[in-house]
Enquirer: 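Below you'll find the structure I mean.
Both backbone and side-chain heavy atoms feed into the values below; hydrogens, waters and symmetry mates do not. Residue numbers begin at 1 in each chain, while the letters A, B, ... track the order of the sequences.
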Amino acid sequence: MSNDIFVITEHMDGKFSDVSFEMVGKAKELAAALGGQAVAVVLGGGVDVNGFASDSTIQVDDPALAQFNPEACGKVIEALAREKSPRLVLFGWTATGMDLAAWLSARLGQPCVAYVKGVSLDGGGLTVSSQVYGGKMVAEVAPQGDMAILAVLAGSFPVEAGQGSTAASQIASPVPLDGLKVKFVEAIKPAAGDVDITAQAKLVSIGRGIGGKENVELAEELAQALGGTVSASRPVVDAGWLPRTRQVGKSGLKVKPKLYLMLGISGAPEHLEGMKSAELIIAINTDKKAPIFNVAHYGATADLFEVAEAMLELL
Amino acid sequence: MLTTIEKIIFVLLALTSAGFFFHGVATIVRSVRAGRPGPELKSVPASLIKAGITVLFQRTIFKARRVLSAVHLGLFFGLITYAFVNLVDALEGLVPGFDLVYGGRHLAFPFLNAHAINTFNLISDLMSGALLFSITVMLVRRFIVKDKRLSYRENVLLHPKVLTGGQAVDSLIVDVFVIMHVIARLSSQAFRLDAGPDPFMPIASAINGLFGASETGVHVAWWISLGWVLFILPYITRSKHTHFTVGPINLGLAKQNPRGQLDPAVPLQTANGNHYEPGAKHIHDLAWKRLLDPYACVQCNRCQDVCPANFYGRPLSPSALEVNKRYLLKEATFGAHPDRLLLPLTETVISPEAVWSCTTCYACVRVCPVGNEPMADIVDIRRRLILDGAELDSGVQNALQSLATNGNWMSKGKRLRGRWAKEMEFPIKNATEEPVETLWFVGDTASFDERVIPNTQMVARVFNHAGLDFGILYQNESNAGNDVRRVGEEGLFEQLVEQNMEAFGKAQFQRIVTTDPHSFNTLKNEYPQFGGKFEVKHYTVALLRLFEEGKLTVKNKLPHYKVTFHDPCYLGRYNGGFTAPRKLLELVGVEFDEMPRNCENSFCCGAGGGQIWMGKVAPGERPAENRIKEALATFEKNPGDKQQLFIVTCPKDMIMYSDAVKTTGNEGRIEVRDLIQLVAEAVGVEEPEMVA
Amino acid sequence: MNIIVAIKHIPSIADDLPVNGSNLDFDSVDFVLNEFDEQSIEQAVLVKEASGGTVTVVGVDLIGELDNVLHLALAKGADKAVKITADDPGADSHQQAGWLAEAIRDMSPDIVFTGVQASNDLDGQIGPMLAARLDLPYIGGVSSVDVVDGAATVNKEFAGGVGAKYAVSLPVVVGVQAASKPPRYAPISKVRQIAQTAAIGKVAPSGDGAGAGLAFKKMAPPVAAGHAKMFTGSPKEVAAQIVELLKGRGLA
Ligand SMILES: Cc1cc2nc3c(=O)[nH]c(=O)nc-3n(C[C@H](O)[C@H](O)[C@H](O)COP(=O)(O)OP(=O)(O)OC[C@H]3O[C@@H](n4cnc5c(N)ncnc54)[C@H](O)[C@@H]3O)c2cc1C
Ligand code: SF4
Ligand code: SF4
């Protein structure tokens with residue numbers, strides 16, 4: 001039994017995801033309080049593994065780990081966890097972490113918490129808060145047992161706290177990785193051509209408040225500065241200011257980006273239907289009673305043009 | 001007049017013609033009888049007589065297109081006259097000495113006096129002229145002016161024969177026949193006038209003036225005139241002109257149940273032991289009456305003219321539906337393609353996209369001069385498509401799924417239905433817990449939609465102010481199912497009816513009041529078939545009654561508003577609820593301008609029949625947008641600086657028209673308000689500050 | 001091929017969620033089928049239609065109302081339905097996965113479908129846990145499945161339209177994110193007809209019944225729910241606060 005905290009990091013195309021750093025940062029804080037170590041675990045190679053602020057980083061390299069393979073990853077993590085008995089194992093609640101966290105929990109007979117938004121230690125006891133029921137509820141639970149497996153929602157902790165320069169140590173896979181039943185075949189890249197707003201992580205969405213076609217460019221510049229795309233409410237599309245492929249809502253597309261920045265959209269139910277499960281919704285509207293403010297996470301009663309221009313200067 | 005040989009030839013030809021004619025009639029009868037049983041018809045002879053009278057006065061035709069209808073009068077009375085004229089002409093040919101010119105100068109029949117004969121001559125002569133005139137107008141309209149109303153949108157599914165102009169050929173044949181026939185008949189009379197002009201035959205006399213009299217002329221003209229008739233009679237049974245006779249019959253057999261009551265998905269009388277799948281996939285899945293419709297169809301496209309889906313550029317044309325059915329039946333019965341009857345209707349008569357575009361506004365049925373019900377076919381086709389698991393529009397599917405699980409189409413939890421009531425400044429009774437006089441059936445949109453809730457709450461305040469003893473069902477209310485049934489989901493409709501009947505069973509009340517015309521329609525017209533026999537009123541009627549009883553009084557008249565009013569399909573055209581809203585507008589003292597399309601002619605907002613659930617929205621001017629423009633044009637006729645309001649009495653209208661005001665860029669010029677807001681203002685009921 | 005779909009009956013989030021103590025008040029919430037299970041049922045039926053086999057839908061009956069859901073699944077093309085009669089509305093994913101694993105083991109599955117997640121998966125999803133207990137591989141986030149000759153080809157989605165194709169030898173547990181076609185609609189008349197005729201298998205919960213090992217301390221709506229946190233100040237100040245927020249979240 002140790003007080004170490006394992007962070008199962010994730011990377012793709014030679015880059016770690018933000019949530020990996022978020023978890024390392026949080027792990028460091030918790031490990032310090034528990035008197036253990038924050039250990040970043042990297043599976044596979046082809047990525048700079050020395051950029052975490054962890055107490056130590058271990059990289060397990062094996063041809064079977066060249067691309068994400070849930071079966072191979074599971075075996076390695078299970079073996080590591082059995083060998084090292086960490087206090088916590090952190091996964092991202094992401095396309096990869098979701099395949100592993102609950103599986104590991106059942107394999108080891110240790111508790112698991114998903115949809116994790118926060119972790120705290122009070123008097124040595126661990127309290128985990130989890131955003132369940134589609135974000136309508138926050139549960140606070142105390143995992144019982146020697147180990148807990150947590151699957152953390154992206155955006156729960158700051159990224160910077162996890163960034164540092166810890167040299168990683170390479171180890172061979174603790175288990176043989178042959179005879180796998182799951183085999184990676186090939187990567188699927190998003191189709192080129194027309195932008196698919198449903199596949200965008202960041203959307204700057206404009207409504208009638210944008211006023212006219214000539215102003216769409218401003219939104220486009222802002223989207224570009226943020227690394228996203230412009231989407232719209234129906235009236236904007238009806239007016240021909242943007243093509244129909246950009247319409248969000250009941251009679252348009254349903255989107256679920258990480259950021260949905262709304263400029264001059266009132267928040268009609270038909271529009272909400274298409275975007276309410278976006279992870280972060282920020283609304284700018286001159287009308288302080290606009291219904292969108294009941295749905296957005298952040299908002300400001302302001303002129304969209306002034307805010308957009310000011311943002312452009314800062315980005 | 002005729003020689004013996006001529007007589008023999010004539011009789012032989014007449015018998016042949018009659019043979020083909022009756023074969024035609026029998027074929028039609030057979031093809032119609034292949035349909036399913038329809039709802040039972042009561043007192044058919046009386047209805048037929050009534051239809052005969054209606055047709056005689058051309059009432060149903062004058063529902064639209066006044067000028068053309070007047071021209072049609074000429075055709076109609078002309079042809080009726082000609083039925084007699086042809087008989088008389090036959091007698092003239094066959095009975096020696098039977099000759100009507102000059103008041104029947106040689107006539108040996110004592111009971112026919114010269115006055116009667118002269119009257120007949122005058123009528124037939126003038127009617128000949130009227131016929132020629134009317135036919136010419138029709139020809140000019142179709143072939144020279146090319147009236148767009150006689151053509152179809154490019155995206156409408158059409159039978160190959162229609163595409164290649166089959167209808168025009170058909171019209172041309174019959175029109176040319178009529179012209180030739182009338183001219184021949186006029187000439188045959190003219191050639192008889194060997195003693196100069198007959199004052200009772202002005203047109204024939206004019207022709208006589210040109211060509212004089214001629215015995216041979218009489219023979220030739222007579223043969224042309226009656227020969228044509230012998231040819232045309234069998235032809236008619238194979239052409240669109242079956243409407244001459246089937247039209248009035250069809251009208252006599254038209255829907256007897258309330259407009260708002262759909263025919264069941266499977267025939268009720270299944271005594272013949274047949275098993276029927278619900279709805280219609282093939283043409284013979286339609287009730288026999290639906291198969292008679294195409295024979296009655298005039299192909300006038302009046303229904304297409306008033307169809308909001310067609311206006312919106314959707315591939316739906318109710319008349320194309322009937323015309324396609326007609327050609328499908330014709331090629332199967334008279335032609336070489338009985339196999340095409342086995343193709344799904346969605347391939348032969350109406351495209352699936354068109355099927356899903358109908359708003360079930362009833363305008364097509366209402367306007368049809370011969371009592372056709374294209375809408376009924378559409379609903380039946382939808383029913384089977386749903387049953388067969390056809391791919392649905394995602395929005396419709398979501399709505400139906402939510403209706404099945406939550407009892408509302410907005411994916412809201414059942415318990416949230418009464419939330420608007422709980423947020424009010426006074427308690428609203430739960431009718432399942434204590435008896436109430438009036439059970440208010442609120443409906444989905446009025447219960448859940450943030451834009452409509454202020455109106456819903458205002459209705460509650462006004463009821464409360466009037467001291468009405470009312471309550472609602474809270475979470476026990478489910479969607480009434482009107483649009484569910486019209487979208488074709490019969491099973492879900494039945495489930496919803498059962499849920500509501502259970503809720504009604506828990507409650508004690510004397511009457512039901514609804515805010516939503518759609519709920520109103522099905523509760524009033526369809527629930528009785530499921531045992532739900534209640535007095536159901538729309539809130540406009542309830543409000544008017546409260547005024548009449550003195551429980552509501554107008555404190556402030558509202559002359560500073562200039563308003564127009566939109567008749568919701570399911571209140572107006574379906575249920576005749578035209579007067580209550582107008583009387584209320586009069587009571588509150590606003591300036592009221594009627595839009596050109598009002599009452600029976602009201603133009604659908606485009607939301608009904610499940611359209612409001614659609615996920616895909618087509619480009620093009622939406623019906624609601626067109627309606628807002630109509631309202632503004634109405635106001636412009638009588639300009640002023642009053643505040644202009646578009647008054648609605650349906651929660652769906654509130655949504656559709658508020659949206660249309662925005663999308664047409666008319667905010668500031670016109671505002672959409674529920675009638676209840678005017679009533680509240682006039683009786684002095686206000687929204688309390690804190691509730692806002 | 002023996003195709004199994006393991007489903008979850010979960011509290012409906014269409015309603016307000018009442019709380020009793022430190023968990024939901026399960027007596028006053030409605031239960032509905034997990035939305036991702038609709039996708040997994042559809043995917044299972046699509047696989048059956050393409051490659052043959054029978055689809056058995058199995059779920060834990062928590063409140064005695066699972067029949068409705070099972071009837072719906074049958075109407076959509078499943079062949080058999082089985083319920084595990086637990087009668088415990090608060091049973092967590094671990095307990096449910098334990099019972100399901102015992103029931104499914106006896107069915108000798110070739111492929112097990114689950115929804116990729118459920119909104120009440122506080123202790124993780126049942127799919128990976130089933131795989132762990134049945135000693136089968138698991139792959140989640142799946143958006144299409146093709147089965148040929150005892151092997152499946154699945155597409156797994158990562159973020160932003162990027163994904164990967166995997167070849168998996170059967171048996172396997174698959175967590176479906178989206179079926180390769182949108183779930184079909186089951187006409188209610190068909191559902192009701194099935195409700196009158198269909199036999200639903202009943203199994204008593206068996207196995208260790210081990211729970212998640214989580215002690216509940218609190219269950220409450222998020223503090224700021226209901227209204228956006230408002231940035232105030234001049235447009236420039238607002239912009240600065242937004243940019244700061246985005247940077248903090250790695251979004252700018
Ligand atoms: C059947 C049906 C289906 C529909 N489907 C969809 C759909 O799929 N998607 C969709 O979006 N809509 C849909 N709608 C339309 C929907 O009801 C609303 O009309 C629409 O979403 C409103 O768009 P908006 O918010 O851009 O416009 P508005 O409601 O007009 O809002 C404009 C907002 O901009 C604000 N504003 C104005 N100027 C400024 C400024 N300078 N700075 C900041 N704020 C400003 C205003 O205060 C206002 O809140 C549908 C409607 C119907 C009836
Ligand atoms: S009911 Fe209305 S929408 Fe439907 S076909 Fe008739 S006119 Fe068109
Ligand atoms: S259905 Fe009626 S209205 Fe339509 S074209 Fe035929 S006759 Fe005219």
Enquirer: Is there a side-chain contact between C/Val47 and C/Met1, using heavy atoms and a 4.5 Å cut-off?
Expert: yes
Enquirer: Please determine, by modelled atom types, if B/Asn406 and B/Ser402 share a side-chain donor-acceptor pair under 3.5 angstrom.
Expert: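 Side-chain D/A pair, B/Asn406 to B/Ser402: present.
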Enquirer: Checking heavy atoms, do the side chain of B/Glu391, its backbone, both or neither come under 4.5 Å from chain C?
Expert: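 The answer is neither part of B/Glu391.
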Enquirer: Give, as side chain, backbone, both or neither, the part of B/Leu400 having an atom under 4.5 angstrom from any heavy atom of chain C.
Expert: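 Contact with chain C: backbone and side chain both.
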Enquirer: What part of B/Glu490 lies closer than 4.5 angstrom to a heavy atom of chain C: side chain, backbone, both or neither?
Expert: neither
Enquirer: Counting heavy-atom pairs closer than 4.5 Å to chain B, which one of C/Lys190, C/Arg192, C/Glu38 comes out on top?
Expert: C/Arg192
Enquirer: Going by heavy atoms in the side chains, are B/Arg419 and C/Asp16 under 4.5 Å from each other?
Expert: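 Result yes, sub-4.5 Å side-chain heavy-atom pair found.
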Enquirer: Return yes when atom NZ of C/Lys80 has more than 12 non-hydrogen atoms of other residues, nucleotides or ligands closer than 6.0 Å, and no otherwise.
Expert: no
Enquirer: Ignoring hydrogens and geometry beyond distance, is a side-chain donor-acceptor pair present between C/Ser93 and C/Asp123 at under 3.5 Å?
Expert: yes
Enquirer: Does any backbone or side-chain atom of C/Lys181 lie under 4.5 Å from a heavy atom of chain B? Answer side chain, backbone, both or neither.
Expert: neither
